[in-house]
Number of protein chains: 2
Amino acid sequence: MKIAILGGTGSIGEGFALRWASKHDIIICSRDVDRAIETADKYSGTVLSKGLVCCGISGCTNETGIEDVDVVVLSVPYKGMVPLLQKLKPFFNNQIVISLVVPMQKNDKFEYTPPEQGSAALEIKEILPETVKVISAYHNISARKLADLESNLDYDVVICGDDEDAKKTVMELTHEINNLRPLDGGGLESSYMIESLTPFLINLAIKNGLRDLGVKFL
Amino acid sequence: MKIAILGGTGSIGEGFALRWASKHDIIICSRDVDRAIETADKYSGTVLSKGLVCCGISGCTNETGIEDVDVVVLSVPYKGMVPLLQKLKPFFNNQIVISLVVPMQKNDKFEYTPPEQGSAALEIKEILPETVKVISAYHNISARKLADLESNLDYDVVICGDDEDAKKTVMELTHEINNLRPLDGGGLESSYMIESLTPFLINLAIKNGLRDLGVKFL
């Protein structure tokens, strides 16, 4: 598959690029094309240095990068997400869009601040063309551990979405990453629950002196 | 310590009685005193049959049971909780009240339906005397596994509360149960997060063919 990563130069984007590069074509998207290309080269180097196959990691502008792919990973901060998607809307057609976006604010602790639609995922669905299949997943995976190919990712990934085929594709992509276990979280209307886990986990980590918390349901 | 269990004849009450009976005096509370005494005798028999110490498990009415204890475990359904607590209010003084209560409804899936205070725990705090220390915990522990003394409870228990000493006591009580790990979830205003995990876990279990799901943060 062709997988574009919006926010691909960020820390969580790096992890997905490295983990999926052995099986898929990865496109690192950025407003700054030079930075995208440079980052893509760096990621390719990392994959090859581990003796792994690298199908190809390339750098692109956001517009060109997402136009002709199967999957778009949306790993951008919530702040700025709405104008970005409105601008990129003409370049979306029928991709699967995986949202990792969590609207949250830090006051005395981190708080989930969903938009009026109820969650970032539902807002994304409202903005993008109806033919796009929005999936909500990976909010609670540590960027540091994902990018560390030696790290054992024994976590659960709850996946929400309204298109069963798209959800199945994201479940398969999840299975490809080490020990991650995909779980069906139901429709996109349940995304608020997995999005709101992120500030909860950050607060829990800070309060209890822990780090990079993920979740396992057992 | 003296620990009263409101809803002590129910399945989750059984687990706490069995797990804490070796170190604490347990009082099983019920509207029906005969049923309370009969249940207490049954639990004592279970503890002794495992060759464990049993400090004493007795049965009582709700009113008499909670009046003179250190800790009250509130393991009753949300439906009926408010009138029950209003009726019992004169018997509360400065106990630690551990709320396991989750307001939820089943529509096409389970949904968290908090009262206007924001969570069951905050509503309980509003109803009971100010001197009572309300702690929110144990919402996501499987009743079946808790009551099975052979079961390895390798789960995390997030504990919320505004009184640090009371929270510390509940953390110690948690440590006494097998492999349970207590985590500080902050003030009682964060209780909605751990309460809302319960319907989420039930939905997840149903959707994915799993059973008795607990949570581990790692």
Side-chain angles (χ1 to χ4, degrees), chain A residues 104 107-112 114 118-119 136 140-142 145 151-161 164 167 171 174 179-218, chain B residues 104 107-112 114 118-119 139-142 145 151-161 164 167 171 174 179-218:
Chain A
M104 61 180 174
N107 298 314
D108 55 323
K109 58 180 188 294
F110 285 88
E111 275 171 42
Y112 181 53
S119 65
S136 188
N140 305 306
I141 297 296
S142 149
K145 290 183 182 169
S151 180
N152 172 29
L153 295 168
D154 191 14
Y155 298 114
D156 286 337
V157 174
V158 180
I159 299 170
C160 296
E164 290 305 318
K167 197 147 67 174
M171 289 196 151
T174 306
N179 288 313
L180 288 185
R181 177 176 68 159
L183 290 173
D184 186 348
L188 211 61
E189 85 280 356
S190 296
S191 180
Y192 75 95
M193 199 59 226
I194 47 175
E195 293 179 19
S196 66
L197 267 180
T198 302
F200 174 72
L201 287 175
I202 298 173
N203 293 331
L204 210 55
I206 294 170
K207 267 260 172 219
N208 295 275
L210 304 166
R211 208 183 149 198
D212 296 327
L213 283 189
V215 184
K216 184 105 189 149
F217 303 101
L218 64 187
Chain B
M104 60 179 176
N107 298 314
D108 56 324
K109 60 181 187 294
F110 284 89
E111 274 170 43
Y112 182 53
S119 66
H139 308 80
N140 304 307
I141 297 296
S142 149
K145 290 184 181 169
S151 179
N152 172 28
L153 294 168
D154 192 14
Y155 297 114
D156 286 336
V157 174
V158 180
I159 299 170
C160 296
E164 291 304 318
K167 196 147 68 173
M171 288 195 151
T174 306
N179 288 313
L180 287 185
R181 176 176 69 158
L183 291 174
D184 186 347
L188 212 60
E189 86 280 357
S190 296
S191 179
Y192 76 94
M193 198 60 225
I194 49 177
E195 293 179 19
S196 67
L197 266 180
T198 302
F200 174 72
L201 286 175
I202 298 173
N203 293 331
L204 210 55
I206 294 169
K207 267 262 170 214
N208 295 275
L210 304 166
R211 206 183 151 200
D212 295 326
L213 283 190
V215 185
K216 185 105 186 146
F217 303 100
L218 65 187

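To find a chain, count down the sequence lines: A is the first, B the second, and so on, and within it residues start at 1. Just so you know, these numbers use all the heavy atoms, side chains as well, and skip hydrogens, waters and symmetry mates.
Of the atoms belonging to B:Tyr155, it is side-chain heavy atoms, and not backbone ones, that fall under 4.5 Å from chain A. Heavy-atom distances place both the backbone and the side chain of B:Leu218 under 4.5 Å from chain A. In this structure, chain A has a heavy atom under 4.5 Å from the backbone of B:Asp212, while its side chain stays farther away. Contacts between A:Leu201 and chain B at a heavy-atom distance below 4.5 Å involve the side chain alone, from C-beta outward. Only the side chain of B:Ser190 comes within less than 4.5 Å of a heavy atom of chain A; its backbone N, CA, C and O stay farther away. Contact of B:Asn203 with chain A is not made at all, since no heavy-atom distance falls under 4.5 Å.
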*Output, in order, the C-alpha distance, side-chain angles, deciding distance and verdict of side chain to side chain contact (heavy atoms under 4.5 Å, CB included) for B:Asn140 and B:Leu213.*
CA-CA 8 Å; B:Asn140 304 307; B:Leu213 283 190; over 6 Å; no

_Chi angles and distances behind the side chain to side chain donor-acceptor pair (under 3.5 Å) call for B:Asn208, A:Asp184_ = CA-CA 6 Å; B:Asn208 295 275; A:Asp184 186 348; 5.8 Å; no

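Annotation for B:Ser142 and B:Lys145: closest pair OG-N, 3.0 Å, computed over non-hydrogen atoms. Considering all non-hydrogen atoms of both residues, A:Thr174 and A:Arg181 come closest at CG2-C, 4.4 Å. Of all non-hydrogen atoms in A:Phe200 and B:Met193, the two that sit nearest each other are CD1-CG, 3.0 Å.
With chain A as the partner, the residue from B:Leu204, B:Ile194, B:Val215, B:Val158 showing the most heavy-atom pairs under 4.5 Å is B:Leu204. Taking chain A as the reference chain and counting heavy-atom pairs below 4.5 Å, the highest number among B:Arg211, B:Lys207, B:Glu111 is found for B:Lys207.
With A:Lys167 contributing its side chain and A:Gly185 its backbone, the two residues share no donor-acceptor pair below 3.5 Å.
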